[in-house]
Amino acid sequence: MTIQYERPVSHAAHWARRLALFSCLLFVAVVLSHRFGPLTTPHFLVLAGFAAALSALAVLLASVGLVRLWHVGARGGKASFIALLLALLPLGVAAAAAYSYFYKPALYDVTTDTLSAPPWLSQPSAEQDWLQRAGVVTPRDREVQLAAYPALSGRRYEGALDRVYQGVRKVAAAYGIAITAEDGLDNILADLEDLVVDPGKAAGSAEPLGEVPIPEARPLETPILPHIGGPGDVILQGEWRSPVFGFRFDVVIRLREEAETTLVDMRAASRYGPHDLGIGAELVEGYLKALDAELLGIAGD
């Protein structure tokens with residue numbers, strides 16, 4: 001008589017694979033909908049958290065399957081291994097977000113000028129839903145930023161305002177910042193008064209000159225509105241989205257001419273929630289480094 005040993009089957013391992021596959025697909029769909037679709041950040045966080053919770057449950061079931069495989073040789077080892085691989089994506093992102101949330105300062109608005117931050121041309125507003133936050137940035141928040149990001153500072157360039165403005169616009173386009181509003185563009189128009197012919201010099205010339213047309217400044221592309229900020233400031237406001245997950249940030253860049261140099265300051269604020277997970281500081285630092293490379297040769301000390 002032949003005795004045939006029949007291995008038991010681990011149902012936990014197979015359910016782990018199903019749950020992990022579902023959670024991984026859900027997470028990818030949620031990320032794509034947030035990055036390219038209409039899904040807002042509060043709803044994204046809820047759905048992404050739900051996907052991470054399902055992945056955690058799948059890991060628990062996969063662990064049961066592996067234990068059963070070790071003790072009684074139950075079928076399901078491959079299913080448990082696949083479940084663990086699929087759960088890596090949602091759980092890994094959730095773990096990285098949790099680390100940033102607990103170990104980085106709870107700020108949603110950062111700037112290179114903590115004493116006089118560049119002003120908004122249009123105050124950002126968004127329905128926060130359950131992500132409630134204080135509507136005003138306090139001096140205490142700026143102190144926390146100085147302690148957390150001491151190297152976050154503006155740039156000074158030994159160049160004319162119009163040249164630095166062109167570099168700022170070029171780097172903004174390359175960095176993915178969509179400029180939505182500008183103010184103070186009249187400060188970068190060329191001073192055309194020197195081009196007007198002096199009547200005294202014209203009278204003393206060998207040949208009489210006819211009527212000399214007086215050049216006029218080119219009209220601005222945008223209508224002139226009440227000026228915001230300092231009298232010589234040029235302010236640009238735009239929107240930026242993080243490359244992978246599509247978190248929305250509002251950005252302000254201020255150009256100020258001082259003693260034949262141009263000072264560039266920047267401000268970035270997360271559109272949703274009281275915590276930007278450190279993305280705002282990375283955005284400002286990355287943009288200013290790219291601007292340094294663009295204006296290489298005219299950057300001051």
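Just so you know, these numbers use all the heavy atoms, side chains as well, and skip hydrogens, waters and symmetry mates.
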Would E239 and R248 pass as an ion pair if we require N to O under 4.0 Å? no
Is it true that a side-chain atom of R75 and a backbone atom of G73 form a donor plus acceptor pair closer than 3.5 Å? no
Between S33 and G37, is there a donor-acceptor pair closer than 3.5 Å when you use the side chain of the first and the backbone of the second? no
Hey, quick one: are L236 and L295 part of the same hydrophobic cluster, counting side-chain heavy atoms closer than 4.5 Å, chains of contacts allowed? yes
Look up atom CZ in R267 and atom CD1 in I235, then write down how far apart they are to the nearest 0.5 Å. 10.5 Å
Are Y149 and E282 linked by a side-chain donor-acceptor pair shorter than 3.5 Å? no
With distance as the sole test, does W130 use its side chain to make a donor-acceptor pair with the main-chain N or O of H43 at under 3.5 Å? no
Check for a donor-acceptor pair, side chain of T261 on one end and backbone N or O of E258 on the other, with a separation under 3.5 Å. yes
Does E294 reach the main-chain N or O of V168 with its side chain, forming a donor-acceptor pair under 3.5 Å? no
Can a donor-acceptor pair be found between the side chains of Y157 and D292 at a distance below 3.5 Å? yes
Spacing of CG belonging to D276 relative to NZ belonging to K104, to within rounding of 0.5 Å: 8.5 Å
ring-ring contact (aromatic ring centres under 6.0 Å, His included) against F102, all qualifying residues, sequence neighbours excluded: none
If you take the centroid of each ring, where Trp contributes its six-membered ring, are F247 and F44 closer together than 6.0 Å? yes
Under a single-linkage rule joining Ile, Leu, Val, Met, Phe, Trp and Tyr whose side-chain heavy atoms are separated by less than 4.5 Å, which residues share a cluster with L146? none
Regarding R163 and E158, does a basic nitrogen lie under 4.0 Å from an acidic carboxylate oxygen? no
Please report the C-alpha distance between Y272 and D129 in whole Å, then the side-chain angles of each, then the deciding distance to 0.1 Å, and finally whether the side-chain hydrogen bond (donor to acceptor under 3.5 Å, both in side chains) criterion is met. CA-CA 9 Å; Y272 296 94; D129 204 356; over 6 Å; no
Taking the basic N atoms (NZ, or NE/NH1/NH2) and the acidic carboxylate oxygens, is any pair closer than 4.0 Å for D113 and R256? no
